[in-house]
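All heavy atoms count here, side chains included; hydrogens, waters and symmetry mates do not.
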Amino acid sequence: MRQNSYGKVSDETLRIRKLMDAVTSIGLDDNASIDACQSLLEHIYKEFSNSEDVFVLAAKKLLTETCEDNMLSDDEKKALASFASIFDNPISSEPIEAIAENTFVLTGDFEVPGGKSSMKSAIEAAGGVCKSGVSKKVQYVVVGGLGSDAWAFGNYGSKVKKALDLKLSKGANIGIVTENAFFQYISSSDAKDAAHALATIEEITGRFERQNASTKVVALEFNGLTDGQQSMLDAVKDGKNIYLTGLGGTGKSYILERIIEWANSEDKNVIVCAPTGIAALNIGGTTIHHALGIRPEKTTASNANPWIREDSPLLACDLMIVDEISMCRADLFDYLSLALKNAAKLRNGEKEVCQLIVVGDFCQLPPVMTGDDAKLLHEKYGRDIGYGYPFSGDEWESWNFDCIELTEAIRQRDAEFVSALNACRIGNTTGLKWIESHSADTPGNNAIVLCGRNKTAEDVNKRSLAELPDTEVTYTGVKDGTIEQGDMPTAMKLALKRGARVMTLANKSTETYMNGSLGTVLSCEDKFVRVLFDTGKEADVYPHTWEVLKPAVEDGKTRYKCIGSYTQIPLKLAYAITIHKSQGQTFEEASIYPECWDPGQLYTALSRLTRIEGLHLAHHCADSFLITAPEVIDFYEKQHPRA
């Protein structure tokens with residue numbers, strides 16, 4: 001079990017407790033004099049000179065006022081005697097008075113399923129407002145029930161400290177209450193706001209329970225197709241347009257391979273594509289932009305109406321498969337949809353619009369969207385489209401997708417771990433708490449670091465490589481034809497050393513290495529790199545050529561034409577990678593930095609692991625790190641309405 005540092009009492013907390021006891025002891029001492037107060041005040045100025053702790057400041061203020069007239073009155077002694085009890089527990093458990101028209105700030109981790117996100121939804125449904133910062137305009141600061149002893153005295157966190165400071169120095173009327181105080185109100189009051197909040201919590205909890213009930217794990221000896229995969233294949237054969245989704249590790253990529261095999265055996269023209277170059281390489285296809293023959297800026301035009309060339313592969317396409325659909329922004333999907341429909345119009349009635357299969361999990365990472373992108377899309381659509389998921393655009397509904405969700409986990413065989421991941425997938429923090437309590441105490445010897453920021457990953461890789469004693473060997477890649485930065489899986493200048501941890505970026509064979517295999521460099525030769533893989537196998541890794549493909553039609557059949565290539569040793573340093581770049585990968589061991597800010601980011605990282613024993617968390621997982629976009633929740637609820 002993981003021993004978490006969260007909840008331990010710091011040395012500073014102990015010092016402040018001792019100070020508070022000293023203040024109280026003066027008031028309780030019948031023989032205490034003003035000299036004792038002055039001595040303790042001098043001690044505070046000396047030992048806590050730079051402290052901004054609210055309790056230290058309160059003690060300083062009380063003792064200063066007491067010493068002003070150089071006398072210690074009975075009332076002042078009472079105030080000193082009650083000092084510790086007043087601040088012993090400034091967080092009230094008494095029920096709140098109302099939610100509607102009040103402003104709340106939430107802090108800490110919450111016991112309610114879904115954590116802080118569920119609390120926010122309940123408050124807003126009841127007519128309240130949630131703010132991120134504390135001010136005099138706030139009526140309540142609600143402290144999550146998963147706080148700890150370390151939160152008593154001087155270690156409350158900035159929001160509670162700010163509220164206490166406003167109460168003490170500004171006379172602000174802010175209630176600092178427990179999570180239980182909030183739930184006492186909504187469960188016992190007859191007020192409409194309480195009923196709305198309670199109904200929202202019950203709805204969220206019900207959704208989590210339904211999701212958890214769908215969790216399945218296939219047997220270790222399982223071979224073939226799961227029930228969900230077979231349903232998918234049958235639906236494709238029936239000619240349906242399908243959105244395929246599911247928990248990470250349920251075999252979405254595997255069933256895609258079987259579908260492509262079937263389509264080829266039926267002599268169908270198939271185009272396989274993905275939103276990014278790396279994702280396209282992973283499935284042996286092309287990017288959506290290459291399939292359409294367009295530049296990225298083409299899709300943001302307000303009146304985009306795709307022009308179909310006479311030699312466009314879309315004219316002959318029977319089946320289009322789009323992988324990693326969650327990364328396909330709304331404007332790109334809309335443009336693709338219109339292009340497919342325009343292509344169908346040019347077939348003179350011989351063919352209908354091609355069959356479309358989109359694959360991915362909107363609970364994972366959303367499309368990339370900068371601030372400038374958001375402005376352009378707001379102008380294009382005349383509305384806010386949130387994170388830009390493809391279902392937020394104008395064309396998604398027109399395809400009448402059958403939604404097939406794979407629920408039988410193949411990557412992870414531990415039922416409890418799968419259940420926890422399933423919970424995390426839709427923002428249920430109970431899954432996060434289970435993972436945190438069962439994750440490894442320390443990272444494994446070969447654990448890769450998964451982190452949110454590119455700079456963090458780059459720093460870890462550079463530092464780790466620099467610490468190795470051998471001389472760096474640099475391998476230079478070769479570009480030919482049309483190659484963009486996003487088409488290059490590894491660096492043009494690849495620096496390696498003996499002992500470096502690396503990941504492969506191409507398949508050789510199941511007996512040697514596959515895309516994503518981890519290992520350690522044994523030697524850096526002129527024309528290859530010898531690697532000892534974590535499986536115990538050694539292999540010489542020679543340069544690999546990645547082809548950038550573009551679909552074309554030859555003799556009525558869809559073929560892929562090479563428009564450029566990139567040749568390099570198919571390795572990258574693997575001490576650390578970003579969570580974005582880990583999507584689609586599988587790891588036996590990883591150390592995860594769980595501070596995340598994008599929807600699906602933390603879930604994506606957690607679901608890369610095959611087993612809980614190989615998962616290490618670099619620090620405590622706050623509720624706020626686990627984010628599921630509200631529009632994704634709404635989307636999935638529409639796909640699976642309650643009975």
Side-chain angles (χ1 to χ4, degrees), residues 232-233 235-244 252-253 255-277 279-296 298-299 304-325 327-328 331-360 390 393-402 404 547-563:
M232 174 66 183
L233 183 57
V236 172
K237 290 179 179 179
D238 286 342
K240 296 178 179 177
N241 297 322
I242 299 166
Y243 164 52
L244 175 66
K252 295 187 288 293
S253 297
I255 188 58
L256 271 191
E257 294 172 4
R258 304 290 79 76
I259 289 168
I260 294 169
E261 287 177 1
W262 168 80
N264 288 334
S265 71
E266 294 291 311
D267 206 28
K268 291 180 177 291
N269 287 324
V270 182
I271 296 177
V272 182
C273 55
T276 68
L281 288 172
N282 287 339
I283 58 172
T286 186
T287 65
I288 298 174
H289 290 93
H290 283 318
L292 296 172
I294 60 168
R295 303 290 294 175
K298 190 77 172 176
T299 65
N305 186 26
W307 176 67
I308 308 301
R309 305 185 315 273
E310 290 183 0
D311 62 345
S312 171
L314 301 184
L315 292 169
C317 182
D318 298 307
L319 171 63
M320 173 169 279
I321 298 174
V322 182
D323 198 14
E324 298 292 1
I325 188 63
M327 300 169 71
C328 179
D331 55 312
L332 179 56
F333 180 82
D334 283 357
Y335 195 96
L336 172 66
S337 174
L338 292 172
L340 293 176
K341 292 175 181 178
N342 285 351
K345 292 176 184 176
L346 298 176
R347 292 173 180 161
N348 298 318
E350 294 179 8
K351 289 188 179 181
E352 296 179 351
V353 177
C354 72
Q355 186 179 4
L356 180 60
I357 298 172
V358 295
V359 184
D394 295 334
E395 287 291 312
W396 181 274
E397 294 292 336
S398 70
W399 288 91
N400 295 313
F401 289 115
D402 276 14
I404 296 180
E547 293 185 335
V548 177
L549 304 176
K550 186 174 181 179
V553 178
E554 295 179 5
D555 300 325
K557 295 296 180 185
T558 303
R559 303 284 187 265
Y560 284 96
K561 177 184 177 183
C562 177
I563 61 171

Visitor: Tell me, please, which residues at least two apart from E395 pass side chain to side chain contact (heavy atoms under 4.5 Å, CB included).
Guide: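 Testing E395 for side chain to side chain contact (heavy atoms under 4.5 Å, CB included), a comparison that skips the adjacent residues, returns F333, D334, S337, L338, K341, S398.
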Visitor: Would you compute the distance between atom CE of M320 and atom CD1 of I288 and round it to the nearest 0.5 angstrom?
Guide: 8.0 Å
Visitor: Can you see which heavy atom on V270 is nearest to which on A263, and at what distance?
Guide: CG2-CB, 3.5 Å
Visitor: In Å and rounded to the nearest 0.5 Å, what is the CG to CG distance from L346 to L314?
Guide: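 These two atoms lie 10.0 Å from each other.
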Visitor: Show the nearest heavy-atom pair for residues I308 and A339, with the distance to one decimal.
Guide: CD1-O, 3.5 Å
Visitor: Rounded to the nearest 0.5 Å, what separates atom CD1 in I255 from atom CD in E261?
Guide: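 Result: 9.5 Å between the selected atoms.
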Visitor: What is the minimum heavy-atom distance between Y335 and W307, and which atoms define it?
Guide: OH-N, 4.5 Å
Visitor: Identify, with sequence neighbours excluded, every residue that meets salt bridge (Lys or Arg N to Asp or Glu O under 4.0 Å) alongside K240.
Guide: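 For K240, the residues satisfying salt bridge (Lys or Arg N to Asp or Glu O under 4.0 Å) (neighbours in sequence not counted) are D402.
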Visitor: First locate atom SG of C354, then atom CG of N241, and finally report the distance between them rounded to the nearest 0.5 Å.
Guide: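 So the gap between those two atoms works out to 8.0 Å.
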Visitor: Calculate, to the nearest 0.5 Å, the distance between atoms CG and CG belonging to L233 and L256 respectively.
Guide: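 Rounded to the nearest 0.5 Å, the CG-CG separation comes to 11.0 Å.
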Visitor: Let me confirm one number: the CG-CG distance from L340 to L315, rounded to the nearest 0.5 Å.
Guide: 10.5 Å
Visitor: Using every non-hydrogen atom in the two residues, find where M232 and I404 come nearest and quote the distance to one decimal.
Guide: CA-CD1, 3.7 Å
Visitor: Quick one: does D318's side chain have a donor or acceptor within less than 3.5 Å of a partner on N269's backbone?
Guide: yes
